[in-house]
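Below you'll find the structure, written out as structure tokens, and then a few comments.
Start at 1 and go down the list; that is how both ligands and their atoms are numbered.
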Amino acid sequence: MSAGDSLSGAGPLHPVRLAPSLLSADFRDIAAACRLAEEAGCDMLHLDVMDGRFVPNITFGPLVVEAVRRCTGLYLDVHLMVEEPGRLLADFRRAGADGLTVHAEACVHLQRTLAAIAELGARPGVALNPATPETAVSYIWDSCGLVLVMTVNPGFGGQTYLPAVEVKVRRLRAAAAAASWEGRIEVDGGISPATAAAITAAGADTLVAGSAFYGKPDPVAAARAIREAAEAWRCPGAP
Ligand code: DX5
Ligand code: ZN
């Protein structure tokens, strides 16, 4: 299923979607960070929630998501890097999350967790660590609207992209086509104009960028550079 392909608050959607990660933004002014993403024509905002257990780092919870919600109409793509995400889904949905992505490695009953997200009216997503095979979603296509393939080990912004993950995206794109699945394949970690082409050619259609967007002196130009690199190499099978 596509689990609701329309992205609330966004303008016309780009073929390859760009999701700046707020993790690399200047938190002294969240409203300005949201405006930057809007000015750059980004399709969504990516919000990294970390609990200090699933990943070593701690970031923020529903309170901050709710503040972001009040700043922007952009689609809020919430990436939960937490243990037992099922306990927190309703809180993040209430805070304004449009998409809720949980890690396959953190869910014993993954399909049940995805069904709970859909029940809350959000787009259910599954994130896969670099060491987790794409077969984690082989039997649950119908329950997920997005697969987030990590191109770094989750936990921090600014890490080095792992090119070995490209083959996983390629296999995932082929499996998605075989299953007639219409969801999104998102990649996260070390995405920049230098890496966007190869991962998009492999089959990614949604790119998260933290330091390559907010860490640049001109994020609007940076977004354009990432998008141009990606769209030139778009995989023919991608939506
Ligand atoms: C990492 C997070 C990413 C992070 C990406 O665990 O999931 O979303 O913000 O940052 P960059 O683009 O700098 O690698
Ligand atoms: Zn993320």
_Test salt bridge (Lys or Arg N to Asp or Glu O under 4.0 Å) applied to Glu84 - qualifying residues, sequence neighbours left out_ = Arg87
*Minimal non-hydrogen separation, Glu38 against Gly73, with atom names*: OE2-N, 4.0 Å
*Measure across Ala40 and Val220 and return the closest heavy-atom pair with its distance rounded to 0.1 Å.*
CB-CA, 4.0 Å
*Donor on one side chain, acceptor on other, Asp48 and His46, under 3.5 Å*: yes
_Per the salt bridge (charged side-chain N to carboxylate O under 4.0 Å, His left out) rule, what does the pair list look like for residues 28-37, sequence neighbours excluded?_
Asp26-Arg28
*Between Glu66 and Arg70, is there a salt bridge with N-O shorter than 4.0 Å?*
yes
*Shared hydrophobic cluster for Leu23 and Val68 (ILVMFWY, side-chain gaps under 4.5 Å)*: no
*Which atom of Ala19 lies closest to which atom of Glu186, heavy atoms considered*: CB-OE2, 4.3 Å
*Could you label the plane-to-plane angle of the Phe27 and Phe60 rings as parallel, tilted or perpendicular, counting under 30° as parallel and over 60° as perpendicular?*
tilted
Table of N or O contacts for ligand 1, cutoff 3.5 Å:
| from | atom 1 | to | atom 2 | distance (Å) |
| --- | --- | --- | --- | --- |
| ligand 1 | 6 (O) | Gly155 | N | 2.7 |
| ligand 1 | 7 (O) | Asp48 | OD1 | 2.9 |
| ligand 1 | 7 (O) | His79 | ND1 | 3.3 |
| ligand 1 | 7 (O) | Asp188 | OD2 | 2.9 |
| ligand 1 | 8 (O) | His46 | NE2 | 3.4 |
| ligand 1 | 8 (O) | Asp48 | OD1 | 3.0 |
| ligand 1 | 8 (O) | Asp48 | OD2 | 2.8 |
| ligand 1 | 8 (O) | Asp188 | OD1 | 2.7 |
| ligand 1 | 8 (O) | Asp188 | OD2 | 3.0 |
| ligand 1 | 9 (O) | Ser21 | OG | 2.8 |
| ligand 1 | 9 (O) | Asp48 | OD2 | 3.1 |
| ligand 1 | 12 (O) | Gly210 | N | 2.8 |
| ligand 1 | 13 (O) | Gly158 | N | 2.8 |
| ligand 1 | 13 (O) | Ser211 | N | 3.0 |
| ligand 1 | 13 (O) | Ser211 | OG | 2.5 |
| ligand 1 | 14 (O) | Gly190 | N | 2.8 |

*Measuring from the Zn ion (ligand 2), count protein N/O/S atoms under 2.8 Å, please.*
4
